[in-house]
J.: 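Below you'll find the structure I mean.
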Amino acid sequence: MSERSLSAPDAGGYWRYSPPAVVLHWLVALLIVGLFGLGWYMMEIEKQPGADWYFNLHRSLGLTVAALVVLRILWRASHPPEALPVSVPFWEKKLSLAAHWLLYSCMFVMPLTGYLGSAYNKSGVAFFGIALPFWSAPDRNLSKLFFTIHEALVWVFVAVIVLHALAGLKHLLIEKDKVFQRMWF
């Protein structure tokens with residue numbers, strides 16, 4: 001066990017993530033799933049009266065996720081996880097590493113493109129009703145570009161999340177190797 005991990009093996013001797021890492025993981029996961037649902041709903045009601053409330057909520061939750069992701073990255077950088085058990089095949093370890101890099105990339109780029117799309121929009125960005133300062137003049141083309149990237153990237157993000165969840169379930173239900181329990185409460 002790494003001295004910096006601040007976690008201890010469980011009763012069975014298996015390494016686990018620390019409680020802050022577990023809470024941040026599941027909180028961010030729930031918020032991201034909620035943002036996906038809210039985003040798709042927003043596209044259905046985009047032109048209807050009252051839709052702005054949903055867009056502002058989506059932006060606010062997206063900014064919240066961005067802040068939590070920064071915390072996750074800082075926590076993980078100072079509390080590196082133990083290696084996966086030797087029972088996990090080499091190819092799975094490499095795929096896991098690639099998937100985690102892609103997950104973190106999406107968790108960074110999704111809020112960034114959403115923020116920039118909104119920042120270049122004439123309505124700007126508000127965080128739970130508090131208008132954030134404009135730092136640039138509205139630019140419809142840039143706004144559309146960032147929103148197009150944001151909307152296209154959601155499919156990559158969903159695919160990697162599904163792969164990540166299926167891998168976790170495989171470890172929990174089929175392999176029963178305690179890999180899933182490393183990130184469970």
J.: When hydrophobic residues are tied together by side-chain contacts of less than 4.5 Å, even through go-betweens, does Leu35 share a cluster with Val28?
T.: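 The answer is yes; both residues are in one hydrophobic cluster.
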
J.: CZ of Phe146 to CG of Asn141: how many Å apart, nearest 0.5 Å?
T.: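 Here the interatomic distance stands at 12.0 Å.
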
J.: Distance-only, no hydrogens or angles: does the Asp139 side chain make a donor-acceptor pair with backbone N or O of Leu142 under 3.5 Å?
T.: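 Looks like yes, one N/O pair under 3.5 Å.
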
J.: Over all heavy atoms of both residues, which pair between Ser60 and Ala126 is shortest? Give the atoms and the distance, please.
T.: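 Answer, listing the atom of Ser60 first, then Ala126: OG-O, 3.4 Å.
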
J.: Carefully, step by step, assess Leu38 and Tyr54 under the rule side-chain contact (heavy atoms from CB on, under 4.5 Å).
T.: CA-CA 7 Å; Leu38 183 57; Tyr54 293 98; 3.8 Å; yes

J.: When clusters are formed by joining ILVMFWY residues with side-chain heavy atoms under 4.5 Å apart, either directly or through shared neighbours, do Val23 and Trp184 land in the same one?
T.: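 Both belong to a single hydrophobic cluster.
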
J.: Pair Leu63, Phe128 - check side-chain contact (heavy atoms from CB on, under 4.5 Å), show working.
T.: CA-CA 10 Å; Leu63 289 170; Phe128 293 109; over 6 Å; no

J.: Do Trp26 and Met183 come close enough that some side-chain heavy atom pair is under 4.5 Å?
T.: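 SC-SC contact between Trp26 and Met183 confirmed.
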
J.: Do you reckon Val179 sits in the same ILVMFWY cluster as Trp91, going by side-chain contacts under 4.5 Å, direct or chained?
T.: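 Looking at the clustering, Trp91 is in a separate group from Val179.
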
J.: Count the heavy atoms of every other residue, nucleotide or ligand shown that sit under 6.0 Å from CZ of Phe90, and state whether that count exceeds 12.
T.: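 Counting neighbours around CZ of Phe90, 12 or fewer heavy atoms of other residues, nucleotides or ligands fall under 6.0 Å, so no.
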
J.: Can Val158 be reached from Trp101 by stepping across I, L, V, M, F, W or Y side chains whose heavy atoms are under 4.5 Å apart?
T.: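 Cluster IDs for Trp101 and Val158 differ.
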
J.: Check whether the ring centres of Trp155 and Phe36 lie less than 6.0 Å apart, and answer yes or no.
T.: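 Judged by ring-centre distance (under 6.0 Å), Trp155 and Phe36 do not meet the cut-off.
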
J.: Do we see a donor-acceptor contact under 3.5 Å between the side chains of Tyr115 and Arg59?
T.: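 Distance-only check fails for Tyr115 and Arg59.
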
J.: With a 4.5 Å heavy-atom cut-off, do Arg76 and Tyr17 have their side chains touching?
T.: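 Yes, close enough: below the 4.5 Å cut-off.
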
J.: May I ask you to test the Ile73-Met107 pair for a side-chain heavy-atom distance under 4.5 Å?
T.: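 With C-beta onward as the side chain, the pair stays apart.
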
J.: Measuring from atom CG of Leu153 to atom OG of Ser105, what distance do you get when rounded to the nearest 0.5 angstrom?
T.: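 It is 9.0 Å, given to the nearest 0.5 Å.
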
J.: Less than 4.5 Å apart, any side-chain heavy atom of Val156 and any of Cys106?
T.: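 They are in side-chain contact.
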
J.: Do Pro81 and Trp15 make a side-chain contact, defined as non-hydrogen atoms from C-beta onward lying under 4.5 Å apart?
T.: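 Pro81 reaches Trp15 side chain to side chain.
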
J.: Heavy-atom count around Lys144 NZ within 6.0 Å, excluding the residue itself: above 12?
T.: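 At most 12 heavy atoms, drawn from other residues, nucleotides or ligands, come within 6.0 Å of this atom.
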
J.: Once you round to the nearest 0.5 Å, how far does CZ of Arg72 lie from CZ of Phe108?
T.: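 These two atoms lie 15.0 Å from each other.
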
J.: Could you go through the salt bridge (Lys or Arg N to Asp or Glu O under 4.0 Å) check for Glu92 and Lys170 one step at a time?
T.: CA-CA 12 Å; Glu92 276 188 37; Lys170 175 186 170 280; 2.9 Å; yes

J.: So, do Pro85 and Lys178 sit near enough that their side-chain heavy atoms are less than 4.5 Å apart?
T.: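 Of all side-chain heavy-atom pairs linking Lys178 with Pro85, none is under 4.5 Å.
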
J.: Look at the side chain of His164 and the backbone N and O of Val160, then say whether any donor-acceptor pair between them is shorter than 3.5 Å.
T.: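 Absent.
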
J.: Determine the minimum heavy-atom distance between Ser118 and Phe147, stating which atoms define it.
T.: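 Distance-wise, the nearest heavy atoms are N-CZ, 3.3 Å.
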
J.: Could you tell me whether the side chain of Leu84 reaches within less than 4.5 Å of the side chain of Arg182, counting heavy atoms only?
T.: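 Result yes, sub-4.5 Å side-chain heavy-atom pair found.
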
J.: Please report the interatomic distance CD(Glu46) to CG(Asp52), rounded to the nearest 0.5 Å.
T.: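 Between atom CD of Glu46 and atom CG of Asp52 there are 10.5 Å.
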
J.: Are Phe157 and Ile32 close enough that some pair of their side-chain heavy atoms sits under 4.5 Å apart?
T.: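 In short, these two side chains touch, coming nearer than 4.5 Å.
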
J.: Would you find a donor on one side and an acceptor on the other, under 3.5 Å apart, between the side chain of His171 and the backbone of Phe180?
T.: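 Absent.
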
J.: Using 0.5 Å steps for rounding, measure from the CG atom of Leu116 to the OG atom of Ser143.
T.: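 Taking CG in Leu116 and OG in Ser143, the distance rounds to 9.5 Å.
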
J.: Main chain of Ile149, side chain of Thr113: is a donor-acceptor contact present, judged purely on distance under 3.5 Å?
T.: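 Such a contact is absent between Thr113 side chain and Ile149 backbone.
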
J.: Under a 4.5 Å side-chain heavy-atom rule over Ile, Leu, Val, Met, Phe, Trp and Tyr, are Leu31 and Tyr41 clustered together?
T.: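 Yes; Tyr41 is reachable from Leu31 via cluster members.
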
J.: Is the backbone of Gly117 close enough, under 3.5 Å, to the side chain of Asn121 for a donor and an acceptor to pair up by distance?
T.: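 Side chain of Asn121 to backbone of Gly117, a donor-acceptor pair under 3.5 Å: no, none is there.
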
J.: For the atom pair CG (Leu95) and NE2 (His100), what is the distance rounded to the nearest 0.5 Å?
T.: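 Result: 10.5 Å between the selected atoms.
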
J.: Stepwise, does the side-chain contact (heavy atoms from CB on, under 4.5 Å) test hold for Trp135 with Tyr120?
T.: CA-CA 9 Å; Trp135 52 273; Tyr120 283 112; 3.6 Å; yes

J.: Does Arg16 come within less than 4.0 Å of Glu82, counting only side-chain N to carboxylate O?
T.: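 No, this pair does not count.
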
J.: Using the side-chain contact (heavy atoms from CB on, under 4.5 Å) rule, take Leu163 and Leu166 through it: C-alpha gap first, then chi angles, then the decisive distance, then the call.
T.: CA-CA 5 Å; Leu163 176 67; Leu166 289 174; 5.6 Å; no

